[in-house]
Every structure is written in structure tokens, then in C-alpha cells.
Amino acid sequence: MIKNTNDKILFKGKPISLPITTKAIEEKSIELFSDPEPCIIHQSYAAQKIVDHFISMFPVLPINNLPLSNYGKKLDFINIKNLEKCFLSIEVKK
Amino acid sequence: MKGIYLDYAATTPVDPDVLHVMHPYHITHFANPSSIHAPGVANRKVINEARKTIASCLHVKQNEIYFTSGGTESINWAIKGYAFAHPEKKEIIISQIEHHATIHTCQFLEKMGYKIHYIPVDKKGFLNIKKFEAAINSNTLMASFIWANNEIGTIQDIKSISAICEKHQIALHLDAVQAFGQISVDLSLYPIDMLTLSAHKFYGPKGIGCLYIKKGLVVDPLIHGGAQEIGKRSGTENISGIVGMAKAVEIAYQKQQVTYELFSYLSSRLYQRIITGFDCVVNGPDLGGRRLPNNLSISFRDVLGTQLAYWLDQNDIYLSTGSACDSTSIEPSHVLKAIKVPNDYIKGTIRISIGRDFIESDIPRIIARLKDGIDAIS
């Protein structure tokens, strides 16, 4: 879950549903397949790789209202405006 | 390759014996088979010996085998080439569960004014024979069917299909890309006009296939040039591929019965573990006579097959989904839709296809990974 400073929920769902920027998918597709215009299945694969990377950035879970201000451009692949002013929570499935 | 490869219906590794016979044709025996000098003539003979080997395994004549670049080209050639040679008839019959090579070829012809009949199948993927025969009329040119389906393993009733085609005097092409090596493909048993094979599906190299064209059948060439392949398919021959394909055909032919029995046994062991351990349905026919022995298409309830396949990929198990690309979304394949897989299962489809390197002791690991994967993504 990603909230802004007003506690408004900007994203809630499974990590795989994170909004990923088209640019990030394109860059990952070039890295993985050397293909800047992948089909939707390959886009999906690239998106999952990006999400895996995202999860790996947080080795200790769960996390609760982690300020994203320290992550700078490392989270540029998430398609949410003003992300640096947001807070991240990740639950662990029981 | 580390991990467990369960995608043999997509492609197979090249058999070491196949690779061995191919090797000299890259290095020392490289002459152009069309050249009229000793090395060229020798290679011409090698190609015809390969043709003879394949013909012998299919129980047809040597000069009925034409080498192509693979299954897709053969299917395109069979359908378009026959259509172009017989412009007086404009209707073609296929099933709803053909490979895209057939469907997209027919869609191309549709744009040229042909009428394509897409015959429905039942829940197990068997062609509706009555509807097939009912679709035949005086304008019917030909039928083309997939002998054994690549997604769900359904083996069609070729005896009935070919008898109907013969009765109504329409040409029959069969896509035997998945069938060959798994089940008996004996063309002396049925009146079949054209048949497609692709070497990389049975431990041969990629980029080589063949089309059987019954002697006397007129099929226009699609590739024009130097009149190779008895003037029907131009282009300098892929001699190493041809030699490799012949060897792969020979091995697959010799091992077919053993392969069938082994894969049937292994598939049934895996099937039992899956069907009792998960909320799932197995798509296609029951295991046994009318199903490819290496194929298990499984749909898990309320799971996304693409996510499950990705999770398994990250955990060293490699298989396919039952999904297809369109421009904006990932959809269940036309095959799964045609057999009407229930809505709460259809998106959770994966295809397991086993091969030579699969061993029974892999099964517990696969089951454990499936459990972990479904748990992780649910």
C-alpha cells in the first residue's frame, strides 16, 4: 500500500499490480530481450521482473509507513506522482 | 540447463547423435548441392538419402517429401500453395483449435475472398465430425486439421476425417508437428494428401521441416528462385538441417512405441499427484489412447497462469501458459476458449509437456513447487 502525506491511499493491492511506467517496462524489455516494443506477454514478464526487484529492495518485511523520500530515483519505475512524498507499507501473507 | 524443463512441446534439445551427423556439413561437406562438381554432387546424394529415410519412416515415396524451413512454412505452403493451384474452389475447412500457422494462413486467404469454415470441437477438443462433413460442398477446396493438438494433446480421429475427405474428393492436409514421435504416423493407413513435420519438435534442429505432398497433387510453390526441391521450393538447401532432420526422424520412428509407453506412464504419475492435490481441471481428453502422452494442460481455479508460470520460472521450473497475446491484454488461448474451460479456471492454465530428460523423481519437486507457487500468488 502506498499513501501520500494526507493519508490518501494511492495504491493498494498485490505487488504485481503496482503501476509501472511504460518507460521502465521498455527499459527492462531492452535489458531482458533487446526488444523496445515487446508483446503484452513479454511486457508482463518485464513488469514482474521489475516488481521482483522492488520487493528485493526491502529485505525485512513487513514494513509500515516507510517514508519513500530516501529512495530518490530508485523508485522511478512506479507510476505514482510525487512518490518521494509518500509512505509505503508491505504486509506479509500469513 | 538447471531446473526442470517441462516445455518439450515448444521445442526439444538436439539429440547428440543428430548433432554428430550434422557437424561435417558445416565444416567440411559444405558444398552447394546444386553445384555440378564432386562435393556438390555428393551433397545432392546426401539430401536425397535423407529424403528417402524420412519417406521410409512415413511409409510414402521418396519424391513425395519436400524440405522447408519448418512447420509454419510447410503449413503455409500446403494451404496457400494448394489454394493458388486450384483457384476454382474457394472454401477451406479447419477446426477451431488449429495452430496459429493454420489459422493465420486461412485468415490471410479470407481477406482474398476465401470462405473459411471453423469447425467446432467438443469439451475434450475432438472435432465435430458431423459438422465437418456438413460443411463440405461443391465449392470446398480442402481441409486442414491438426493431428494432435499442441496445447491440450487431443489426437483427432484421422481415420474418419480422411475417409470423409476421400468420399467428397477434397484434399486433406494434416499438421503432424506435435504428433510425430509421440504416436504412430503411418501415411499408408489413410488417404492423406499433405502432411507437415518440424524437426525441432522431435530432437532435431530448428529451421528445418518438411511437407509431404502426395504424388500427383498439384501445389504451387510459394518461394521462387533456383528451383531446388524438384522445382517446388527454391533456396539453397539447409543440408546440415536436412541431414539432422533425417536422423531425428529415424530415431523418433524407432523409439516411438517406447516413448509412448514411457511418457504415458510418467504423465499418469504426474497427473495423479496434480489432480488429487489441487483444485484444478485437466484440459483435453482423458489420459490414454486419444491424448498425446507427453501433454498435461491444467487449469487451476482462481489463479493466473502467467503469474504461476513466472513464479515457477523463478524457481527453476520451465513451462508454458495457456495464454495468447493480443495487442493490449493477455487472454486465454483460442484452444481453451473453444473447449469451454470454465471461467474460474481458464486463466489459470499451464501446459506441462514432458520429454526425454524428464524423470519420475522430478515429480515430488514439481508438486511441491506448484503448491508453493499457488500459495504465493493467491
Side-chain angles (χ1 to χ4, degrees), chain A residues 1-2 11-64 66 74-75 77-80 88-94, chain B residues 3 5-7 9-11 72 99-101 103-104 150-151 297 300-337 346-351 369-378:
Chain A
M1 182 163 65
I2 298 174
F11 169 78
K12 187 176 181 183
K14 293 180 182 176
I16 190 62
S17 304
L18 267 175
I20 309 291
T21 64
T22 306
K23 183 168 175 270
I25 289 175
E26 185 181 306
E27 285 172 358
K28 185 54 93 175
S29 297
I30 291 169
E31 178 194 327
L32 292 171
F33 325 116
S34 289
D35 183 359
E37 295 177 348
C39 72
I40 190 74
I41 286 179
H42 283 89
Q43 283 181 37
S44 161
Y45 188 89
Q48 292 188 87
K49 282 281 185 191
I50 293 168
V51 169
D52 280 358
H53 167 68
F54 170 72
I55 296 291
S56 72
M57 291 168 73
F58 309 101
V60 181
L61 296 176
I63 55 178
N64 193 25
L66 176 75
K74 287 180 184 171
L75 296 177
F77 55 84
I78 297 175
N79 195 11
I80 292 176
L88 173 73
S89 299
I90 303 179
E91 293 176 6
V92 177
K93 192 177 169 188
K94 289 169 188 169
Chain B
Y5 182 77
L6 299 173
D7 203 16
T11 195
T72 296
H99 189 275
H100 277 143
I103 291 177
H104 292 165
N150 52 308
E151 286 190 47
S297 168
F300 296 94
R301 188 175 179 182
D302 296 333
V303 167
L304 278 179
T306 50
Q307 284 184 19
L308 179 57
Y310 179 81
W311 192 94
L312 292 168
D313 172 48
Q314 300 309 296
N315 289 275
D316 305 327
I317 292 183
Y318 312 115
L319 43 68
S320 288
T321 65
S323 303
C325 267
D326 72 13
S327 57
T328 56
S329 63
I330 301 173
E331 290 293 320
S333 75
H334 64 288
V335 175
L336 299 174
K337 288 177 181 170
I346 191 166
K347 288 191 173 178
T349 305
I350 57 170
R351 180 190 66 183
R369 290 284 189 276
L370 275 173
K371 283 191 169 142
D372 291 346
I374 289 171
D375 190 44
I377 66 172
S378 295

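Each chain gets a letter, A, B and so on, in the order the sequences are listed, and its residues count up from 1. None of the values given here were measured: they were computed from a predicted structure.
With a 4.5 angstrom heavy-atom cutoff, A:K14 touches chain B only via side-chain atoms. Contacts of B:Q307 with chain A are made by both backbone and side-chain atoms, with heavy-atom separations under 4.5 Å. Residue contact with chain A, scored on non-hydrogen atoms closer than 4.5 Å, is absent for B:A309. Of the atoms belonging to B:D375, heavy atoms from both backbone and side chain fall under 4.5 Å from chain A.
No donor-acceptor distance shorter than 3.5 angstrom exists from the side chain of B:K337 to the backbone of B:E331, with no hydrogens or angles considered.
Atom CD1 in B:I350 sits 11.5 Å away from atom OG1 in B:T306 (nearest 0.5 Å). A distance of 11.5 Å separates CG in A:L75 from OG1 in A:T21, rounded to the nearest 0.5 Å.
A donor and an acceptor atom, one from each side chain of B:S320 and B:D7, are located under 3.5 Å apart.
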